[in-house]
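Keep in mind that this is a model prediction, so the values were computed, not measured. Worth knowing before you read on, the calculation uses all heavy atoms, side chains too, and leaves out hydrogens, waters and symmetry mates.
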Amino acid sequence: FLVYAFHAIGTPGGQSPAAIWWLITIWRKIMTQVLELVATTRENVGKGSARAERRNENIPAVIYGGKAAPLPISISYKELIQYSEKKSFYTSIFDIKIDGKSNTVLPRDVQYHPVTDRPLHVDFLRVSKDTNVKVNIPLKYTNLEKSPGLKRGGTLNVVLQSVEIMCSAMAIPSEFEISLDGYVLGQTVHLSDIALPEGAKLTAKDNTMTIASIAVPSALRSKARDEAKAAEGGEGEGEEAKAEGDKPAEGDAKKEEKK
């Protein structure tokens, strides 16, 4: 794409505003991994209409937000399920085609059947390059084999599986990678250790919050306690021996009394 882009810009007319905007649009689509869905508008709304859609292997949904009115739509169950079961579903931008018209949206909520876990309804938010959203980004811990603490038998204690950030809807990270290279026993990972992309910020006020740690194994903890007790015991015995050595012998004590 980059080779083609530079070639296009270097050609006559390639530097026109329209051409540059087209290249930027395509680049954003690649970077944000825009996915496509096809939907139809729903003429009727309500429980009865929703049930009818589900009987026809469709999932009722709604597109809301922006300056436009909410738009009830219907999406094929088979088409939706290939995305909705993935962890990246809520951080993925979709281009929903309705009668040939594009609708750029972000999934915000899915209602599931309490028994079958089948999707019942989906909410999509209209987004644009000017839209900022709050999203939960999964955390992925890498380079575990390079952690001295884990090599010594420590365990990775994960406190948070994801973190909430505020960022542009068109630049949502798929995940945050946190390298454990060099982490020793007892060391902790904080929110401030996450490398945020430009324009993104954490919603949490305390960036010193612990999100993971290298826990000390119980065997090492008990060994450390035993060593500490042994050290304390050795010091105590030395003090007692010194105290005994300072005391006068019993015969000497009687002589002192007679004097």
Side-chain angles (χ1 to χ4, degrees), residues 31-35 80-94 105-125 127 131-228:
M31 289 301 292
T32 53
Q33 297 181 342
V34 177
L35 305 172
L80 177 68
I81 200 68
Q82 62 179 321
Y83 301 116
S84 63
E85 293 186 338
K86 296 180 180 179
K87 291 183 179 180
S88 59
F89 180 65
Y90 291 101
T91 58
S92 299
I93 297 296
F94 285 84
V105 300
L106 176 69
R108 298 306 279 172
D109 186 50
V110 180
Q111 298 175 22
Y112 292 94
H113 191 281
V115 178
T116 63
D117 281 337
R118 184 185 177 96
L120 298 177
H121 190 275
V122 186
D123 293 346
F124 292 100
L125 173 68
V127 295
T131 305
N132 289 325
V133 292
K134 289 182 179 180
V135 286
N136 284 301
I137 308 300
L139 299 176
K140 180 181 179 181
Y141 298 92
T142 62
N143 293 324
L144 277 68
E145 71 283 358
K146 296 181 180 180
S147 165
L150 294 177
K151 286 181 179 179
R152 288 189 60 192
T155 56
L156 176 60
N157 179 30
V158 177
V159 179
L160 294 180
Q161 299 283 356
S162 63
V163 293
E164 186 182 65
I165 66 169
M166 174 75 78
C167 66
S168 168
M170 305 307 292
I172 300 176
S174 59
E175 63 184 10
F176 287 136
E177 289 192 0
I178 300 174
S179 174
L180 297 179
D181 185 3
Y183 276 75
V184 298
L185 287 172
Q187 192 168 355
T188 56
V189 186
H190 302 98
L191 280 176
S192 57
D193 295 324
I194 299 175
L196 296 174
E198 184 179 357
K201 61 180 181 179
L202 296 165
T203 58
K205 295 181 179 179
D206 183 11
N207 65 357
T208 63
M209 183 187 303
T210 298
I211 60 176
S213 63
I214 307 298
V216 181
S218 57
L220 287 180
R221 283 201 301 269
S222 60
K223 181 180 179 182
R225 284 196 299 266
D226 292 342
E227 290 176 352

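- Among residue pairs with one or both ends in residues 146-156, none qualify as side-chain hydrogen bond (donor to acceptor under 3.5 Å, both in side chains); sequence neighbours excluded.
- A distance of 10.5 Å separates NZ in Lys140 from NZ in Lys87, rounded to the nearest 0.5 Å.
- Remark: Glu175 CD is packed, more than 12 non-hydrogen atoms of other residues, nucleotides or ligands lying under 6.0 Å away.
- Residue Ile93 comes nearest to Ala169 through the heavy atom pair CD1-O, 3.1 Å, listed as atom of the first residue, atom of the second, then distance.
- Between Val135 and Cys167, the shortest heavy-atom contact is CG2-SG, 4.1 Å.
- For the side-chain contact (heavy atoms from CB on, under 4.5 Å) with Ile137, the qualifying choice from Ile172, Ile194, Leu196 is Ile172, the only one to do so.
- To the nearest 0.5 Å, atom CD1 of residue Ile214 and atom CG of residue Asn157 are 9.0 Å apart.
- Shortest non-hydrogen contact noted between Pro173 and Thr91 is O-CB, 4.2 Å.
- Sorted by first and then second residue, the pairs that involve residues 188-216 and meet side-chain hydrogen bond (donor to acceptor under 3.5 Å, both in side chains), not counting sequence neighbours, are Glu164-Thr203, Thr188-His190, Asp206-Thr208.
- For residues 176-186, the set of pairs meeting the side-chain hydrogen bond (donor to acceptor under 3.5 Å, both in side chains) definition, not counting sequence neighbours, comprises Asn143-Ser179.
- Annotation: salt bridge (charged side-chain N to carboxylate O under 4.0 Å, His left out) contacts of Arg118 (sequence neighbours excluded): Glu57.
- Considering only residues two or more places apart in sequence or on other chains, Tyr83 meets the ring-ring contact (aromatic ring centres under 6.0 Å, His included) condition with Phe94.
- For the side chain to side chain contact (heavy atoms under 4.5 Å, CB included) test, residues two or more places apart in sequence or in another chain that qualify with Pro148 are Val184.
- Scanning both residues, Leu185 and Ala215, for their nearest heavy atoms gives CD2-O, 3.9 Å.
- Summarising the geometry of Tyr141 relative to Leu139, their closest heavy-atom pair is OH-CD1, 3.7 Å, with the distance given to 0.1 Å.
- Annotation: side chain to side chain contact (heavy atoms under 4.5 Å, CB included) contacts of Val110 (sequence neighbours excluded): Phe89, Tyr90, Tyr112, Pro119, Val122.
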